[in-house]
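These notes are about the structure you will find just below.
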Amino acid sequence: MTGLGSSEMKSVVESELAVAHLVFKVADLKRSCEFYSNLGLPPFAIDEGVAIIELRGGTHLLLLSVDQPAGEDVAESLTGQFHKRFSEQFDLMIKGKGLNELKKYRSKLIGRGIAAGEIPEETFFGHHLFCIKDPDGNGITIYTSHAI
């Protein structure tokens with residue numbers, strides 16, 4: 001991937017904006033809630049056809065059952081808010097900054113029955129990472145943190 005090289009990276013600044021909500025349409029709400037709970041993200045609100053999972057910083061992941069009407073503001077699609085399958089990408093960061101912390105987190109997930117990809121030797125803009133998929137096939141990349 002092209003972009004800023006590590007020597008050209010800008011320092012972390014306080015942004016005026018933050019992500020408020022990510023929306024995934026899911027085939028089995030209960031199974032998806034269990035999956036995200038196993039990542040360490042338990043839902044704090046579950047209603048008929050929708051679950052709300054709070055991420056660090058107040059961002060919410062909204063899981064909508066595929067048979068739940070989403071209204072005009074959310075496009076009807078199998079995954080996420082867009083019509084093209086696999087057009088969504090969902091990245092998460094652990095609290096730790098080091099490779100050993102990422103390895104420990106990955107081992108925990110594997111112990112919980114989540115298939116986790118290998119951690120490549122090379123880093124992506126200074127981050128170590130590995131990939132997983134949720135029960136609906138949404139790709140999730142787990143990174144080491146860059147937060148101070």
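Numbers here simply count residues along the sequence, with the first being 1.
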>> Can you tell whether the side chains of E118 and R106 come within less than 4.0 Å, N to carboxylate O?
In response: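 A salt bridge links E118 with R106.
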
> Is a side-chain donor or acceptor of E34 paired with a backbone partner of R31 at a separation under 3.5 angstrom?
Replying inline: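 Not a single qualifying donor-acceptor pair exists.
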
> Taking the side chain from Y105 and the backbone from L39, do they hold a donor-acceptor pair closer than 3.5 Å?
Replying inline: yes

> Could you go step by step and tell me if I52 and F44 meet the side chain to side chain contact (heavy atoms under 4.5 Å, CB included) rule?
Replying inline: CA-CA 6 Å; I52 302 171; F44 72 88; 3.7 Å; yes

> If Ile, Leu, Val, Met, Phe, Trp and Tyr residues are connected whenever their side-chain heavy atoms lie under 4.5 Å apart, and connections chain through other members, are I110 and I142 in the same group?
Replying inline: no

> If two hydrophobic side chains count as joined below 4.5 Å and joins carry through other members, does I46 share a cluster with Y36?
Replying inline: no

Value rounded to 0.5 Å, distance of [atom1] in [X] from [atom2] in [Y]:
X    : Y    : atom1 : atom2 : result
M93  : S145 : CE    : OG    : 4.5 Å
S65  : D47  : OG    : CG    : 12.0 Å
H128 : K103 : NE2   : NZ    : 8.5 Å
L22  : L55  : CG    : CG    : 7.0 Å
L61  : L92  : CG    : CG    : 8.5 Å
L63  : D134 : CG    : CG    : 8.0 Å

What heavy-atom pair brings [X] and [Y] nearest, and what distance separates the two atoms?
X    : Y    : answer
I94  : R56  : O-NH2, 3.7 Å
D136 : S32  : OD2-OG, 3.4 Å
I53  : P42  : CG2-O, 4.1 Å
F35  : P135 : CG-CD, 3.4 Å
I132 : I114 : CG2-CG2, 4.2 Å

>> Between L99 and I119, does the side chain to side chain contact (heavy atoms under 4.5 Å, CB included) criterion hold? Intermediate values first, please.
In response: CA-CA 9 Å; L99 177 58; I119 300 173; 3.8 Å; yes

Just so I know, are the side chains of [X] and [Y] near enough to count as touching, which here means a heavy-atom distance under 4.5 Å?
X    : Y    : answer
V66  : V26  : no
P120 : L129 : yes
L109 : F130 : yes

> Between H127 and Y143, what is the ring plane arrangement, given parallel below 30°, perpendicular above 60°, and tilted in between?
Replying inline: perpendicular

